[in-house]
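All chains are named by letter (A, B, ...) in the order of the sequence lines, taking the proteins before the strands, and each is independently numbered beginning at 1.
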Amino acid sequence: MELLSLGADAATPDAPRPATSADVSVQIQVIHATKTGKYIDQRVRQIQQKLTKLFNFQSYRLVQQETSTLPVGVETPVKMPFKKVVRLTHQGQENSKIKLRVQIGLKQAVSLKLASGGTFLQGITLKNGQNYILAITATAR
Amino acid sequence: MRDECERTGALLERYFDGELRERATQYVEDHLADCPRCAKELQALQEMRGLIQTSIRDAVAQAAQAELSRVWQGIEPHLEAPKPSFWERMGVAAREYFSVYKSIWATAAAAAAVAALVAVPLLLRSGPTVEIAKSQSNECIIESIESSGSTAMVYDLEQDQIKVIWMFEDPEDPSEGPSSL
């Protein structure tokens with residue numbers, strides 16, 4: 001699955017935009033968590049160890065992982081395995097922190113400031129009872 | 001075998017929390033594979049933690065539906081409350097450290113207390129945009145949450161400087177199906 005950039009450079013709409021120091025690199029990991037089974041994906045072991053203090057999930061499976069460079073002000077959609085789209089927007093930096101907006105679907109959005117290299121976790125329980133965790137790590141370039 | 005059980009028992013909580021090093025983890029897992037008694041103890045620990053976590057989440061969700069505004073008004077002043085002093089925190093830590101008897105029940109009760117303190121329920125239903133109190137952390141500052149047709153909870157894992165926001169979609173909300181973008 002690939003990241004699609006909705007933003008476009010007005011001067012060269014089709015040319016890839018060179019990365020600048022204002023860009024941030026964002027990694028998004030999508031974890032399917034269940035209360036049955038015993039599978040712990042080693043790639044998300046650290047996250048599992050943190051979340052086990054809060055939730056009683058028994059199984060953590062990494063189902064998607066992507067990294068993208070986000071320019072300021074450009075909304076970047078990422079298709080989720082649970083048939084929604086997460087839209088990431090880098091809103092600049094403030095006090096050495098990266099400002100991000102994370103929108104899931106049409107109705108849920110979070111605005112936050114994250115230290116470079118920090119990870120923010122967003123979970124969602126869908127109507128069908130399935131649980132997914134997004135681990136979003138942003139790093140200043 | 002009895003010595004091994006005692007050693008494993010002493011490591012079990014940290015094993016459950018994923019805090020053991022690789023070698024110790026391997027030791028516990030090897031023992032659990034051969035010892036039904038210790039395996040049962042681990043299972044009891046898992047069930048107790050699960051029960052507590054589920055109860056907290058359910059209680060908060062029910063509170064949200066009943067009296068959202070009143071609950072939030074009750075929580076908000078505490079978010080701005082001053083933190084305990086260094087010596088107060090040291091006192092609590094020392095009492096915990098030197099506690100001799102640590103049963104599963106005691107652990108479960110402590111876990112419930114910690115969870116109750118760190119889980120800040122942010123309960124938003126059918127609201128457009130709700131600004132929440134800024135929670136300071138070196139890692140992450142939540143500025144706002146927009147939520148409609150779902151309940152949101154913010155968990156603050158202070159020790160790890162990690163914020164977790166959990167959205168619970170309302171199963172009876174017909175406006176946005178699973179396939180909606």
Is chain B contacted by the side chain of Q103(A), its backbone, both, or neither, given a heavy-atom distance below 4.5 Å?
-> neither
What distance do E143(B) atom CD and Q91(A) atom CD have between them, rounded to the nearest 0.5 Å?
-> 8.0 Å
Neighbour count >12 (heavy atoms, 6.0 Å) for atom CD, Q46(A) | no
Does V102(A) belong to the same Ile/Leu/Val/Met/Phe/Trp/Tyr cluster as V63(A), with side-chain heavy atoms less than 4.5 Å apart forming each link?
-> yes
Which value, rounded to the nearest 0.5 Å, describes the distance between I141(B) atom CD1 and N95(A) atom CG?
-> 7.5 Å
Minimum side-chain heavy-atom gap E146(B)-R101(A) below 4.5 Å = yes
Less than 4.5 Å apart, any side-chain heavy atom of I133(A) and any of W166(B)?
-> yes
How many angstroms lie between atom CD of Q122(A) and atom CD1 of I145(B), to the nearest 0.5 angstrom?
-> 8.0 Å
